[in-house]
Amino acid sequence: MPPPLPDFSAPPPKLVLDDFIAKALSSTPPDLHPFFEAFKNLYDRKLWHQLTLKLFEFFDHPLSKPCRVVVFQQFVRDFESKLNQQRLVELGTRVSKEITNPQAQLGFLSALLSRIDADKSKEAYVLLLANIAHAKLVYGDLEGTKTDMDTAWKTLDQLEGVDNAVNASYYRVAADYYKAKAEYAPYYKHSLLYLACVDVGTDLTGEERLVLAHDLGISAFLGESIYNFGELLMHPILDALDNTQYDWIKKLLFTFNEGNIGKFEALAPLFPQEPILEQNYPFLRQKICLMALIESVFKRSANDRTMTFQTIAEETRLAIDEVEHLIMKALSLKLIRGTLDQVDEKAHITWVQPRVLSRAQIGELGGRLGGWIDRLAQVEERMVLVQ
């Protein structure tokens, strides 16, 4: 019969500091003894901020692993109301990782949540709720995860100047939730928002960077509403793919952004390495054709955006009888605006969806702007001659 789960919601036993410290010194390795001596000194002097910092240092020490839960329950809970509540939540979530039983871990976090004032400590409340949602996600409770995510977002959406750690905790669990649901566009969006809140070089391990870069690439390809990869292509997270078995995914991302069908076809033989790409090849083929259409329109000057079906067929490598469907698809996705002349087989494009441009695309735009300035100067010269 398994032992009963601890009741983390029950009040802790009254702290007798000298007894707690004496027991800790007799049952822990000598390397940890300076921490407990510091705890007693800082507690007696009521230096709560300094005590918080020392606790973080203690919980980071590898030898503290077996006694983290005990220290939190028997020591920290005595004065937790005196601590910065966000820092308390950070301590609590770190300690919770030592509780291996899913039900017990959620019980520990939920008990801590019940002691956080949601009105006075909103950031701490959101941070803890996001961590509870993530724990539920790990244990397969998708419905509970979504409920906690929605509750956290209602508070987070009303806050200004939020600490990056709080934002990151929410966007991390949201991204992981949409990954579990295989909803590619929301995953892509929330993962990029998560990356905006962390330092890729220091906050993520090499393995985490590789997994995130890989998953972002896959979601960019398969997201039904994602037709602009510029923000991802400029992010340093993609450097994690260099010189790995996934480096071709980075090349494929740039290929899509360029709308380069030739390069797409050259990379297609690698798709079996990612079965989900191979399974969705027809969608990817349509997507690269749409990207090629967008890029073709973008490269044209504003007064040269009436294109024949034949021109579009050549640009997208489609049969001419498939061009009309492609243009209608681009119009329905709001990638372009314009009109179709089915009789003359022409498309007049008046607008292209705003995009985050690569350096090469910015260079092209600069060249066109230079040409426009030259033409404007010529007009000015003619006006001077007329006068």
*Asks:* Any sub-3.5 Å donor-acceptor pair from R115's side-chain atoms to A111's backbone N or O?
*Replies:* yes

*Asks:* So L318 and C289, do their side chains get closer than 4.5 Å, heavy atoms only?
*Replies:* yes

*Asks:* When you compare the side chain of Y170 with that of Y194, does any pair of heavy atoms fall below 4.5 Å?
*Replies:* no

*Asks:* Have H61 and D31 got a donor and an acceptor in their side chains that come within less than 3.5 Å?
*Replies:* no

*Asks:* Judged by atom type as modelled, is there a donor-acceptor pair below 3.5 Å linking the side chain of Q273 to the main-chain atoms of Y246?
*Replies:* no

*Asks:* Counting distance only, does the side-chain N/O of T205 pair as donor-acceptor with the main-chain N or O of E208 below 3.5 Å?
*Replies:* yes

*Asks:* Taking atom types as modelled, find out whether T339 and H348 have a side-chain donor-acceptor pair closer than 3.5 angstrom.
*Replies:* no

*Asks:* Looking at W153, is its backbone amide N or carbonyl O close enough to the side chain of D157 to form a donor-acceptor pair, meaning the two atoms are under 3.5 Å apart?
*Replies:* no

*Asks:* Supply the atom-to-atom distance L233 CG to E258 CD, rounded to the nearest 0.5 angstrom.
*Replies:* 9.0 Å

*Asks:* In Å and rounded to the nearest 0.5 Å, what is the NZ to CG distance from K54 to N41?
*Replies:* 10.0 Å

*Asks:* In terms of hydrophobic clustering (I, L, V, M, F, W, Y; side-chain heavy atoms under 4.5 Å; direct or indirect links), are V69 and L32 co-clustered?
*Replies:* yes

*Asks:* Would R87 pass as a cation-pi partner of F56, given that its NZ or CZ must be under 6.0 Å from the six-membered ring centre and within 45 degrees of the axis?
*Replies:* yes

*Asks:* Between the side chains of Y139 and Q105, is a donor N or O closer than 3.5 angstrom to an acceptor N or O?
*Replies:* yes

*Asks:* For a quick test of reading the model, state the closest non-hydrogen atom pair linking R305 to V297 and the distance between them.
*Replies:* NE-O, 3.3 Å

*Asks:* Tell me, with the steps shown, if E143 and K146 meet salt bridge (Lys or Arg N to Asp or Glu O under 4.0 Å).
*Replies:* CA-CA 5 Å; E143 186 177 344; K146 188 64 166 66; over 6 Å; no

*Asks:* Measure the shortest side-chain to side-chain distance between D78 and Y43 over non-hydrogen atoms and say whether it is less than 4.5 angstrom.
*Replies:* yes

*Asks:* Evaluate the ring-ring contact (aromatic ring centres under 6.0 Å, His included) criterion for residues F58 and F39: first the C-alpha distance (whole Å), next the side-chain angles of each, then the deciding distance (0.1 Å), finally the verdict.
*Replies:* CA-CA 10 Å; F58 172 76; F39 291 164; 5.5 Å; yes

*Asks:* Could you go through the salt bridge (Lys or Arg N to Asp or Glu O under 4.0 Å) check for R94 and D60 one step at a time?
*Replies:* CA-CA 9 Å; R94 191 171 302 191; D60 282 338; 2.5 Å; yes

*Asks:* Whether the side chain of H190 engages the backbone of P186 through a donor-acceptor N/O pair (distance < 3.5 Å, no angle test) should be reported.
*Replies:* yes

*Asks:* Determine, step by step, whether W248 and E274 satisfy the side-chain contact (heavy atoms from CB on, under 4.5 Å) criterion, reporting the C-alpha distance in whole Å, the side-chain angles of both residues, the deciding distance to 0.1 Å, and the verdict.
*Replies:* CA-CA 11 Å; W248 64 274; E274 291 289 338; 3.7 Å; yes

*Asks:* Would you name the heavy atoms of L284 and L277 that are closest together and state the gap between them?
*Replies:* CD1-O, 3.5 Å

*Asks:* Counting only heavy atoms from other residues, nucleotides and ligands, does the tally under 6.0 Å from CG of N243 exceed 12?
*Replies:* no

*Asks:* Can you tell me how far CD1 of I226 sits from NZ of K189, rounded to the nearest 0.5 angstrom?
*Replies:* 11.0 Å

*Asks:* Give, for atom OG of S96 and atom CG of L106, the distance between the pair rounded to the nearest 0.5 Å.
*Replies:* 9.0 Å

*Asks:* Do F75 and F36 have side chains that get closer than 4.5 Å, going by heavy atoms?
*Replies:* no

*Asks:* What I'd like to find out is whether the side chain of I320 reaches to under 4.5 Å of the side chain of E345, using heavy atoms alone.
*Replies:* yes

*Asks:* Under a 4.0 Å threshold between the charged nitrogen and the carboxylate oxygen, would R285 count as salt-bridged to E265?
*Replies:* yes

*Asks:* Only one of L128, L127, V95, N84 forms a side-chain contact (heavy atoms from CB on, under 4.5 Å) with E90, so which one is it?
*Replies:* L127

*Asks:* If two hydrophobic side chains count as joined below 4.5 Å and joins carry through other members, does L253 share a cluster with I276?
*Replies:* yes

*Asks:* Kindly determine whether K154 and D150 satisfy salt bridge (Lys or Arg N to Asp or Glu O under 4.0 Å), including the steps that lead there.
*Replies:* CA-CA 6 Å; K154 286 178 183 177; D150 291 344; over 6 Å; no

*Asks:* Pair K329, E324 - check salt bridge (Lys or Arg N to Asp or Glu O under 4.0 Å), show working.
*Replies:* CA-CA 9 Å; K329 182 72 174 178; E324 183 179 338; over 6 Å; no

*Asks:* Between S26 and K23, is there a donor-acceptor pair closer than 3.5 Å when you use the side chain of the first and the backbone of the second?
*Replies:* yes

*Asks:* For D117, is there an ion pair with K122 - N to carboxylate O distance below 4.0 angstrom?
*Replies:* no

*Asks:* For the backbone of Y187 and the side chain of S191, can you confirm whether one donor and one acceptor N or O come within less than 3.5 Å of each other?
*Replies:* yes

*Asks:* Is there a side-chain contact between K263 and L252, using heavy atoms and a 4.5 Å cut-off?
*Replies:* no

*Asks:* For the residue pair T308 / T311, report whether a side-chain donor-acceptor contact shorter than 3.5 Å exists.
*Replies:* yes

*Asks:* Can R209 and D239 be counted as an ion pair, charged N to O under 4.0 angstrom?
*Replies:* no

*Asks:* Check L109 against A135 and note the closest heavy-atom contact, atom names and distance.
*Replies:* CD1-CB, 4.3 Å

*Asks:* Using side-chain heavy atoms (C-beta onward) and a distance below 4.5 Å, is K65 in contact with F59?
*Replies:* no

*Asks:* With the 4.5 Å side-chain cut-off for hydrophobic clustering, are L222 and L267 part of the same group?
*Replies:* yes

*Asks:* Closer than 3.5 angstrom, by distance alone: can the side chain of N280 be matched with the main-chain N or O of F283 as a donor-acceptor pair?
*Replies:* no

*Asks:* Could you tell me the separation between the CZ atom of F35 and the CG atom of L63, rounded to the nearest 0.5 Å?
*Replies:* 9.0 Å

*Asks:* Starting at CG of L83, measure out to NE2 of H49 and round the result to the nearest 0.5 Å.
*Replies:* 11.0 Å

*Asks:* Give a yes/no verdict on a cation-pi contact between K287 and Y227, requiring under 6.0 Å between NZ or CZ and the six-membered ring centre and an angle within 45° of the axis.
*Replies:* yes

*Asks:* Without swapping roles, check the side chain of T316 against the backbone of L293 for a donor-acceptor pair under 3.5 Å.
*Replies:* no

*Asks:* Given side chains that start at C-beta, do those of F108 and F72 come closer than 4.5 Å, heavy atoms only?
*Replies:* yes

*Asks:* In the single-linkage hydrophobic clustering (I, L, V, M, F, W, Y; side-chain heavy atoms under 4.5 Å), do W351 and L333 co-cluster?
*Replies:* no

*Asks:* If hydrophobic clusters are built by linking Ile, Leu, Val, Met, Phe, Trp and Tyr wherever their side-chain heavy atoms come under 4.5 Å apart, do L270 and F264 end up in the same one?
*Replies:* yes

